[in-house]
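Every heavy atom of this structure was used, including side-chain atoms; hydrogens, water molecules and symmetry mates were not.
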Amino acid sequence: MKQNILIGGAWPYANNSLHLGHLAGLISGDVLARYHRVKGDDVLYVSGTDCHGTPITERAKQEGKSAREIAEYYHNEFVETFNKIHFSYDVYSETMSDYHKEKCKEIFVKLYDNGYIYEKVEPQAYCETCNKFLQDREMQITCPECNEITKADQCGNCSYTPTVEESKSGDCLECGKATIEKDNKNLYLALSKFQKEIEANTDKYKNTWRINARNETEKYLKQGLKDRAVTRDIDWGVEVPIPGYENKRMYVWVEAVLGYLTDTMKICEENGTSWRDYWENGDNKKIYMSHGKDNIVFHSIIFNGLLLGLEDNIKMVDTIVSTEYLNINDEKISKSKGNGITTLEMLDKYNPDSLRYHIINNGPERKDTNFTLDDFEKTHNTEILNKFGNLINRTLKFKGLEEIVKANLDKEVEKETEEAYKEVAKHIESLEFKAATDRIMNLVEFGNKYYDEKQPWIQKKEDEDAFNTTIYNCTYIIANLSNLFEPFMPASCKKIREYLGLGEAKWVVADIEGNVKLEGIEPLFSRI
């Protein structure tokens, strides 16, 4: 049955280039979007650039530029990166757009009017030397979980997110002096009021979540949800539409996650459809959120709290697709170390489909994994080129072959192909993308084995009908690989379908209708 599918990809901060760790955390969203489109579902895949907050203002100070200049520069770079890696966003926006800001203000007022945002005065970290209240990213503390020195917004070692209480004292990162506590007035989200509803949602869907998402969410729920400040003392961000708070801005963790909603509203307005088709409670709807493990609670708890606070029959996020960390050459990616390989650097040198496949098949789906160029090149040469590329080349570029002649389909080939669709679909819907790519590659290996056993180079000389049957069956496998691999290697699959005169990818067994003339066949992959 056709479903309405909403997929949200985490919003990257516009303060640095996208490294391979970002790609590993985000690519699941594109896999799911492409899979559900091929299945025939109604899909909206949305994301954008997180343009506000302290990370951007810090970068602007370092470079002597305005925060807007920094945000625009990295937003444009992100768009270039996602286009080159073939991400299929329906909307990729930016949080500094007028539309997003105005919709966030409307939502903020509704939460305030519903009684879920309230005023509170409490001590906050204050730097007497710099004469200002400090945001969490502007100070460092000792992590309460692992005792490592870290920024107060989130531990860089164990990913723990400190509470407001734990972030009240530390050292100012700008001047290095110890902070004091000073009363400050802010608006708070009454997150604690949603404890039972979020617990119920987590319990209902947790068996489909990755284990890190279940564990992290349940940890916070067991501690008891605590109210969180939704305003901050900063001049770069979305204005707070509540009297008396004109000089403060919304916390980015509020307005950035609301971008999933504002993106949907915008594209539906443009298309003349209703955003409620994706967000209102009802049957045959699914909401995925794709991100790294450091973003889990912002989607499984905080975002769901904001949705509940609207009191508007809005569906909560039901599927959390969170990855572990991707390390580079056995080191955790660190901006201070500068050891991250950017995605654009890889795309300037290598085939984007090969990079997609390697990150999915060897990435941090269930545990932290390590990336090296040697491993990547090995995957490309031995898996993608020698197996997948070889099957295509030896079949479609057979010497003297000008067309694929319609012939009888081998029952074993038919059965193996049909089973592949069932098993790959099961793996993808269970968020087991590595297992899905392994299963498709098994079909590739089956095709190569079939080719070798039939020996078409001998059949061509001795039995033309047998030769045509072998080539037809191998082409049948290749045609179906272009459907099965579509969520993972879309550019290559599109090229295969063009060669064979096939239409758009579909999640049904593809057949070769009549004879197919072969023209302009070129190798899809080159050896590194």
Side-chain angles (χ1 to χ4, degrees), residues 38 351 353-354 357 380-424 437-486 488-527:
V38 172
N351 186 303
D353 276 357
S354 294
Y357 178 91
H380 172 87
N381 287 333
T382 61
E383 293 287 313
I384 298 171
L385 176 70
N386 288 354
K387 293 181 181 179
F388 185 36
N390 184 44
L391 177 63
I392 297 166
N393 288 347
R394 70 204 304 211
T395 301
L396 303 186
K397 287 179 66 65
F398 192 98
K399 187 175 181 180
L401 184 66
E402 295 182 353
E403 69 175 3
I404 306 297
V405 177
K406 179 76 172 180
N408 292 325
L409 180 62
D410 188 300
K411 292 297 183 183
E412 186 182 6
V413 170
E414 184 179 29
K415 179 182 178 182
E416 184 70 18
T417 303
E418 289 175 352
E419 287 298 314
Y421 277 93
K422 295 174 186 177
E423 293 173 21
V424 173
T437 52
D438 284 342
R439 180 61 183 88
I440 302 170
M441 198 56 77
N442 286 344
L443 181 60
V444 172
E445 292 169 348
F446 171 87
N448 279 314
K449 182 181 178 184
Y450 179 89
Y451 188 101
D452 290 337
E453 289 176 347
K454 296 297 182 181
Q455 298 181 312
W457 57 93
I458 295 177
Q459 291 176 329
K460 180 66 175 172
K461 300 173 184 177
E462 300 178 353
D463 188 339
E464 188 74 18
D465 287 341
F467 169 79
N468 287 334
T469 298
T470 297
I471 294 299
Y472 169 77
N473 276 272
C474 289
T475 303
Y476 174 91
I477 293 171
I478 292 168
N480 284 285
L481 287 170
S482 77
N483 287 339
L484 292 163
F485 263 140
E486 167 67 19
F488 308 100
M489 296 195 286
S492 303
C493 293
K494 181 181 179 181
K495 185 62 70 174
I496 291 170
R497 292 194 295 272
E498 290 174 353
Y499 288 156
L500 300 180
L502 302 173
E504 294 296 316
K506 295 180 180 179
W507 207 257
V508 292
V509 177
D511 197 2
I512 307 298
E513 301 295 337
N515 295 353
V516 178
K517 290 191 177 298
L518 299 176
E519 297 177 347
I521 309 295
E522 297 292 339
L524 296 182
F525 308 101
S526 301
R527 181 168 300 278

Q: Under the salt bridge (charged side-chain N to carboxylate O under 4.0 Å, His left out) rule, what do Lys422 and Glu416 come out as? Steps first, then yes or no, please.
A: CA-CA 10 Å; Lys422 295 174 186 177; Glu416 184 70 18; over 6 Å; no

Presence of salt bridge, [Y] and [X], under 4.0 angstrom:
{"X": "Glu464", "Y": "Lys460", "value": "yes"}
{"X": "Glu498", "Y": "Lys495", "value": "yes"}
{"X": "Asp511", "Y": "Lys406", "value": "yes"}
{"X": "Glu445", "Y": "Lys387", "value": "yes"}

**Q.** Crowding at CG, Asp452 (>12 non-hydrogen neighbours, <6.0 Å)
**A.**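 Yes, enclosed.
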
Q) Can you tell me if CD on Glu418 sees more than 12 non-hydrogen neighbours from other groups inside 6.0 Å? A)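 Yes.
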
Is the side chain of [X] donor-acceptor paired with the backbone N or O of [Y] at a distance under 3.5 Å, no angle test?
{"X": "Tyr499", "Y": "Glu522", "result": "yes"}
{"X": "Ser482", "Y": "Ala479", "result": "yes"}
{"X": "Asn468", "Y": "Val405", "result": "no"}
{"X": "Asp463", "Y": "Gln459", "result": "no"}

Q) Under 3.5 Å, is there a donor-acceptor pair between the Asn448 and Arg394 side chains? A)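 The answer is yes; a qualifying pair exists.
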
Q.
Under a 3.5 Å cutoff, is there a donor and acceptor pairing between the side chains of Thr417 and Asn480?
A.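 No donor-acceptor contact under 3.5 Å links the two side chains.
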
Looking only at heavy atoms, what is the nearest atom pair of [X] and [Y], with distance?
{"X": "Thr470", "Y": "Tyr450", "result": "O-CE2, 4.1 Å"}
{"X": "Ser526", "Y": "His380", "result": "O-NE2, 2.6 Å"}
{"X": "Asn473", "Y": "Asn408", "result": "ND2-O, 3.0 Å"}
{"X": "Arg497", "Y": "Gly503", "result": "CD-O, 3.1 Å"}
{"X": "Asn351", "Y": "Leu524", "result": "ND2-O, 3.6 Å"}
{"X": "Ile478", "Y": "Leu391", "result": "CD1-O, 3.7 Å"}

Using a 4.5 Å cut-off on heavy atoms from C-beta on, say whether the side chain of [Y] contacts that of [X].
{"X": "Glu403", "Y": "Val516", "result": "no"}
{"X": "Ile404", "Y": "Asn515", "result": "no"}
{"X": "Leu481", "Y": "Leu443", "result": "yes"}
{"X": "Tyr451", "Y": "Phe398", "result": "yes"}
{"X": "Phe446", "Y": "Met441", "result": "no"}
{"X": "Asp353", "Y": "Phe488", "result": "no"}

What is the ring orientation for [X] with [Y], classed by angle as parallel under 30°, tilted 30 to 60°, or perpendicular over 60°?
{"X": "Tyr472", "Y": "Tyr476", "answer": "tilted"}
{"X": "Phe525", "Y": "Phe388", "answer": "tilted"}
{"X": "Tyr421", "Y": "Trp507", "answer": "perpendicular"}

(Q) Using the rule given for side-chain hydrogen bond (donor to acceptor under 3.5 Å, both in side chains), can you reason through Asn386 versus Arg527, listing the C-alpha separation, both sets of side-chain angles and the distance that settles it, and then say yes or no? (A) CA-CA 9 Å; Asn386 288 354; Arg527 181 168 300 278; 2.7 Å; yes

(Q) If I take atom CD from residue Glu414 and atom CG from residue Asp410, how far apart are they, to the nearest 0.5 angstrom? (A)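 Separation between the atoms: 9.0 Å.
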
